[in-house]
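The structure under discussion appears below in the form of structure tokens.
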Amino acid sequence: VQYVTINAGGGYSPNVSFAKAGMPTKIIMETKGSYDCSSALVIRSIGFQKILPQTGKTEIDAGIKKAGEKIEGVCGMGMYSFLINFN
């Protein structure tokens, strides 16, 4: 299992991440006093939509992706986004 950590608060960091294809992948969303729209996370490709806790870690199962696939997460307002590329 591989883990991709994304920090949420005033946007997402890093904006672009890379992960290995063909491996079970979990996304760790980390918040530290996040009160803005980045805490309202939507990842359409895996059917995820949730309000993240203001502080803490949320583990999201992203499944196993093929090379060339991408996962895009966006905030509830569509202002902030992040991308995970699989290769």
By salt bridge (charged side-chain N to carboxylate O under 4.0 Å, His left out), K66 pairs with (sequence neighbours left out) none

Closest approach of I51 to A40 (non-hydrogen atoms, all atoms of both residues): CD1-CB, 3.6 Å

Heavy-atom side-chain contact between I60 and I43 under 4.5 Å: yes

List in chain and number order the residues that pass ring-ring contact (aromatic ring centres under 6.0 Å, His included) with Y12, two or more places apart in sequence or in another chain; answer none if no residue qualifies. F82

Which heavy atom of V4 sits nearest to which heavy atom of A19, and what is that distance? CG2-CB, 4.1 Å

Whether the side chain of S34 engages the backbone of T31 through a donor-acceptor N/O pair (distance < 3.5 Å, no angle test) should be reported. no

Looking at E30 and K32, does any basic side-chain N land under 4.0 Å from a carboxylate oxygen? yes

Cluster partners of V74, using ILVMFWY side-chain heavy atoms under 4.5 angstrom, listed by chain and number? V42

Just how far is it from atom NZ of K57 to atom CG of L52, taken to the nearest 0.5 Å? 13.5 Å

Tracing side-chain contacts under 4.5 Å among Ile, Leu, Val, Met, Phe, Trp and Tyr outward from Y3 reaches V1, I28

With a 4.5 Å limit on heavy-atom distance, are the side chains of P14 and I6 in contact? yes

Less than 4.5 Å apart, any side-chain heavy atom of L83 and any of S17? no

Side chains of N87 and F18: does their closest heavy-atom pair fall under 4.5 Å? yes

Check whether any side-chain heavy atom of E72 lies under 4.5 Å from a side-chain heavy atom of S45, and answer yes or no. no

Output every pair passing ring-ring contact (aromatic ring centres under 6.0 Å, His included) with a member in residues 23-42, not counting sequence neighbours, ordered by first then second residue. none

How many angstroms lie between atom OH of Y80 and atom OG of S39, to the nearest 0.5 angstrom? 11.0 Å

Just how far is it from atom CZ of F86 to atom CD1 of I71, taken to the nearest 0.5 Å? 4.0 Å

Quick check: do T25 and I64 have side-chain heavy atoms less than 4.5 Å from each other? no

Side-chain heavy-atom pair T58, K50 within 4.5 angstrom cut-off: yes

Whether S38 side chain and C75 backbone form a donor-acceptor pair below 3.5 Å: no

Does Q2 use its side chain to pair, donor to acceptor, with the backbone of K20 at less than 3.5 Å? yes

The remaining residues in the hydrophobic cluster of M23, counting side-chain heavy-atom contacts under 4.5 Å among Ile, Leu, Val, Met, Phe, Trp and Tyr, are none

Could you see if M29 belongs to whatever hydrophobic cluster contains V16? Use Ile, Leu, Val, Met, Phe, Trp, Tyr and a side-chain cutoff under 4.5 Å. no

Nearest heavy atoms of I27 and A62, plus distance in Å: CD1-CB, 4.1 Å

